[in-house]
Novice: 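One structure, pasted below without further comment.
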Amino acid sequence: MFSDRKSIERNYQRVINFVFEKKLKDALDGLKELVIQSRKGDFISQYESFDETYENLLKYTVEGVNDPERENIYTRLLVSVIELADLSLQSALLDTSDQYIYQLKKKIEFESKQIKEAAINSIEDLAFDEELSEVLKGSLETISDKKEEYFHHQEVLIKIFNLIWLTDKFKDTDIKLVNSIWEAKNFPWYEQAIIISALTLSAIRCFDVKKIELLIDYSFNEQNQVRQRALVGLFLNLYIYNKRIPFYPELLKKMKTLLASEDIEMHIELITIQLLKSKETEKITKKLEDEILPEMVKFQPLLKDKLDLENMFSDDFTEDKNPDWERVFEDAPDLLDKLQEISKLQMEGADVFMSAFSRLKHFEFFNEVTNWFRPFHKDNYVINEILNKEKDNFDTNLFLDGLANSFFMCNSDKFSFCLIIQFMPELQKGMMLEMFYAELEGIKELQNEDDILNKSTSIKSIYSQYIQDLYRFYKLHPLKTELTDIFNLDLDFYNCEFFKLLVKNENILRNIGEFLFEKNYFDQALEVYLSLNEQGDNSLEIFEKVGYCYQKLKDYPNALSYYKKAELFDANRAWNLKKLGLCNRYLKNYEESLSYYLEAEKLEPKNLYVLTYIGNSYLDLNQYEKALEYYYKVEFQADENMKVLRPIAWILFVTGKFEKALEYYERLMKSEANKYDFMNLGHVEWCLGNQKAAMKNYKLSLSREDNSLKAFMASFNEDKKYLLDFGIDPFEITLMMDYLRYIT
């Protein structure tokens with residue numbers, strides 16, 4: 001079955017690609033195979049109709065018949081082929097796939113008529129009435145009829161979610177069902193938000209222009225939580241189906257209605273940046289798990305002693321700050337830097353909690369897909385039932401206020417947090433409550449500030465939390481292998497037609513480029529900067545950053561080209577000269593590289609980087625005395641830098657100054673000697689007549705973990721010419737090599 005599924009999907013993708021390439025005959029040939037695999041008679045009939053229509057169109061064209069509708073017919077055929085391919089794929093997979101989603105889809109299709117009728121006929125009853133809303137703030141245990149009504153409502157909500165999610169192409173009844181949820185009185189926003197997620201997943205799973213049009217409609221919703229989720233869903237679908245959009249002129253026309261919203265560009269920028277931040281989640285998780293958490297565990301005994309944790313509650317305990325607090329991380333400064341980096345990322349909306357909460361999605365609550373997309377709100381029955389069991393000293397309202405208003409944790413993780421509370425020790429609960437109380441105070445202060453700032457922060461937090469909810473669903477849900485992971489896509493939104501249609505402000509594109517550049521996504525940043533350059537931005541910074549991106553991508557000829565354009569400006573001249581020197585050096589244009597570094601030296605005569613690379617350039621050109629002159633300058637100005645000893649020692653060796661070379665290599669041995677330093681010291685000792693000392697150092701070189709006999713021999717053979725020049729007998733070299741083979 002697995003191979004059948006892969007074969008069907010490959011054939012489907014070929015059909016889609018042929019349509020995009022306007023190769024209609026090839027697309028029809030692929031479609032024929034796909035409709036046969038679908039086992040649907042009406043699909044085969046539709047295919048035969050399309051094939052006959054296209055054959056007639058070709059026949060009339062060849063015969064010279066002038067048909068003014070020819071291009072329109074051709075375009076409609078392309079659309080028809082791609083739409084039928086969508087349906088044939090889903091039908092074929094329904095028959096061949098053993099995936100859970102398709103088993104659920106069979107069940108939903110069987111019950112769809114019943115679900116729609118029940119939902120539409122009683123949609124008002126599905127909405128929470130005022131009495132039930134009040135009851136939800138407490139416990140449903142005392143009012144059994146309302147509890148039963150609540151659970152019935154949730155069952156119907158789950159069925160509606162699955163129906164919307166697993167419906168391939170919407171009919172009028174499906175649209176009526178979705179719209180009725182918005183027309184129903186008192187239907188809660190947090191469940192409307194769940195329906196938006198169902199609509200988003202449905203469109204991603206199977207393209208349907210009607211679904212995308214609905215997302216556009218709900219992008220104008222007055223409730224921010226609903227509107228912003230609809231915009232994220234719309235944004236993702238327009239990106240995924242970028243190549244399809246031009247086939248639907250009515251959809252393009254409807255998309256332009258978004259331009260009536262004054263802040264649409266701001267929303268697109270926020271969504272883009274937040275989705276791009278998701279690329280950082282795996283890096284952050286890896287840093288936490290591989291670097292910070294192990295370091296925290298290793299550091300714990302020292303921290304425990306310095307903070308005197310065992311005596312924290314002694315009789316003379318006071319509220320004074322610990323005088324050692326600021327110095328406690330002196331023994332692990334890297335850890336403090338990493339913690340500060342994580343804290344900064346958290347403030348910027350990065351997903352720093354994925355590592356901690358990925359292990360807390362095993363609760364029964366997460367067995368329902370709807371709960372992965374449920375916005376966190378105080379009046380939630382499941383959460384209230386858990387927290388009502390807590391002891392009196394746990395302030396449930398305070399905790400829920402802090403959690404509901406927290407900017408830094410996504411909805412899915414907030415539910416996980418509440419579900420794990422029942423297993424926490426009392427002391428830990430108290431500490432956690434204090435933490436949320438502090439954050440709640442901070443949020444209140446923010447709310448008292450400028451309304452514009454407060455609104456902006458709220459909008460950003462909705463996007464970051466919802467996109468993190470999506471990230472957890474696609475990365476952690478048990479069905480993740482059955483889904484197309486949208487977070488594995490390139491997310492190069494700025495290349496899409498819808499982005500160009502809706503975003504006219506170049507500053508937004510620039511901000512996206514800056515984000516990518518700052519996070520070291522140089523290939524994507526380069527695309528943005530080149531686009532800005534094509535649009536007329538010929539600024540110094542654009543040339544410099546394009547050059548830098550090419551440099552980091554190791555495309556040195558293009559890097560040079562843009563650095564030379566930047567050279568025409570007077571600003572940042574020293575920086576640019578250094579880059580020109582470096583790229584030329586990578587290209588082995590050593591003379592040119594040296595000339596740029598010498599120019600940079602005139603501007604920054606004490607710059608150690610410049611002095612070092614002038615020395616390197618002279619060394620590349622085998623001008624040893626000149627190189628030595630500059631390396632000595634570096635040694636004098638930065639005597640703590642042991643690395644400069646290495647080229648000095650090497651030059652002294654190759655120029656026959658063995659005693660002086662020996663002195664420098666011995667200094668290196670005391671600090672950071674590597675496998676090559678031991679080998680080179682062996683050369684020096686041999687040239688001084690100390691063959692036993694040479695052997696000792698060769699053995700030390702071979703014993704290094706990063707060395708091997710093969711690597712050692714390759715490096716030794718490169719240096720052999722120097723030994724021969726200094727009078728070492730070739731026969732003795734042969735014997736030395738063979739002896740080293742025996743002892744390794």
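All figures in this text were calculated on a predicted structure; none of them were measured in a lab.
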Novice: Run the numbers on Y239 and D492 for side-chain hydrogen bond (donor to acceptor under 3.5 Å, both in side chains), then give the verdict.
Specialist: CA-CA 8 Å; Y239 169 68; D492 54 334; 2.7 Å; yes
Novice: Just how far is it from atom OH of Y550 to atom CG of N558, taken to the nearest 0.5 Å?
Specialist: 4.5 Å
Novice: Give the C-alpha distance, both sets of side-chain angles, the deciding distance and a yes or no for side-chain hydrogen bond (donor to acceptor under 3.5 Å, both in side chains) between E544 and N572.
Specialist: CA-CA 9 Å; E544 286 178 340; N572 296 347; 3.1 Å; yes
Novice: Quick one: CG on N507 to CG on N505, what's the gap to the nearest 0.5 Å?
Specialist: 4.5 Å
Novice: If you measure only the distance, is there a donor-acceptor pair under 3.5 Å linking the side chains of N616 and Y631?
Specialist: yes
Novice: Between the side chains of S219 and R229, is a donor N or O closer than 3.5 angstrom to an acceptor N or O?
Specialist: no
Novice: Are side-chain heavy atoms of Y618 and E629 found at a separation under 4.5 Å?
Specialist: no
Novice: Can you confirm whether or not the ring centre of F207 sits under 6.0 Å from the ring centre of Y241?
Specialist: yes
Novice: Salt bridge check: are K277 and E518 linked by an N-O gap of less than 4.0 Å?
Specialist: no
Novice: I'd like to know whether the aromatic ring centres of F499 and Y494 sit less than 6.0 Å apart in this structure.
Specialist: no
Novice: Is a side-chain donor-acceptor pair under 3.5 Å present for S458 with N224?
Specialist: no
Novice: May I ask you to decide if N589's main-chain N or O and S593's side chain share a donor-acceptor pair within less than 3.5 Å?
Specialist: no
Novice: Kindly write out the residues that satisfy ring-ring contact (aromatic ring centres under 6.0 Å, His included) with F653, not counting sequence neighbours, or none if the list is empty.
Specialist: W650, H683, F726
Novice: Do the side chains of Y590 and N584 get nearer than 4.5 Å, heavy atoms only?
Specialist: no
Novice: Quick one: do the Y630 and E601 side chains pair a donor with an acceptor below 3.5 Å?
Specialist: yes
Novice: To the nearest 0.5 Å, tell me how far E262 CD sits from I264 CD1.
Specialist: 12.0 Å
Novice: State whether the side chain of D469 and the backbone N or O of N411 hold a donor-acceptor pair below 3.5 Å, judged by distance alone.
Specialist: yes
Novice: Closer than 4.0 angstrom, basic N to acidic O: yes or no for D263 and R227?
Specialist: yes
Novice: Given 3.5 Å as the limit, does a donor-acceptor pair link the side chain of E506 with the main chain of L532, or not?
Specialist: no
Novice: Output the distance between atom CG (L652) and atom OH (Y664), rounded to the nearest 0.5 Å.
Specialist: 7.0 Å
Novice: Judged by atom type as modelled, is there a donor-acceptor pair below 3.5 Å linking the side chain of N697 to the main-chain atoms of M679?
Specialist: no
Novice: Can you tell me if Q524 uses its side chain to pair, donor with acceptor, with the backbone of G513 under 3.5 Å?
Specialist: no
Novice: Are any non-hydrogen side-chain atoms of L577 and Y563 less than 4.5 angstrom apart?
Specialist: no
Novice: Whether K545 and E514 form a salt bridge (side-chain N of Lys/Arg under 4.0 Å from carboxylate O of Asp/Glu) is what I want to check.
Specialist: yes
Novice: For the residue pair F636 and Y632, is the inter-centroid distance of their aromatic rings smaller than 6.0 Å?
Specialist: no
Novice: Check for a donor-acceptor pair, side chain of S701 on one end and backbone N or O of K675 on the other, with a separation under 3.5 Å.
Specialist: yes
Novice: What I want to find out is whether K552 reaches D523 closely enough, with some N-O distance under 4.0 Å, to be called a salt bridge.
Specialist: no
Novice: Measure from the side-chain N and O atoms of Q228 to the backbone N and O of I459, and report whether any donor-acceptor pair falls under 3.5 Å.
Specialist: yes
Novice: Please state whether the rings of F543 and F569 are parallel, tilted or perpendicular, taking 30° and 60° as the class boundaries.
Specialist: tilted
Novice: Quick check for you: to the nearest 0.5 Å, what is the distance between L580 atom CG and R585 atom CZ?
Specialist: 15.0 Å
Novice: Side chains of Y586 and Q551: is there a donor and an acceptor less than 3.5 Å apart?
Specialist: no
Novice: Quick one: which of S412, S461, S197 gives a side-chain hydrogen bond (donor to acceptor under 3.5 Å, both in side chains) with Y466?
Specialist: S197
Novice: Within the supplied structure, the quantity of interest is the number of heavy atoms (other residues, nucleotides, ligands) at a distance under 6.0 Å from K657 NZ; does it exceed 12?
Specialist: yes
Novice: Return the NZ to CG distance between K633 and L628, rounded to the nearest 0.5 Å.
Specialist: 12.0 Å
Novice: Using only atom types and a distance under 3.5 Å, with no angle test, would you say the side chain of N717 pairs donor to acceptor with the backbone of M713?
Specialist: yes
Novice: Looking at E21 and K243, does any basic side-chain N land under 4.0 Å from a carboxylate oxygen?
Specialist: no
Novice: Between N488 and K475, do the side chains contain an N or O donor and an N or O acceptor separated by less than 3.5 Å?
Specialist: yes
Novice: Can you confirm whether or not the ring centre of Y548 sits under 6.0 Å from the ring centre of F522?
Specialist: yes
Novice: With distance as the sole test, does S715 use its side chain to make a donor-acceptor pair with the main-chain N or O of F712 at under 3.5 Å?
Specialist: no
Novice: Within the 3.5 Å criterion, strictly below it, is a donor on Y562 or E567 matched to an acceptor on the partner's side chain?
Specialist: no
Novice: Is a donor on one side and an acceptor on the other found under 3.5 Å between the side chain of S261 and the backbone of L258?
Specialist: no
Novice: Verify whether the ring centers belonging to H267 and Y463 lie closer than 6.0 Å.
Specialist: yes
Novice: Can you confirm whether Y529 sits close enough to F517 that some side-chain heavy atom of one is under 4.5 Å from a side-chain heavy atom of the other?
Specialist: yes
Novice: Applying salt bridge (Lys or Arg N to Asp or Glu O under 4.0 Å) between D677 and each of K643, R704, R667, R646, report the one that passes.
Specialist: R646
Novice: For E527 and N495, which I'm curious about, is there any donor-acceptor pair between the side chains at under 3.5 Å?
Specialist: yes
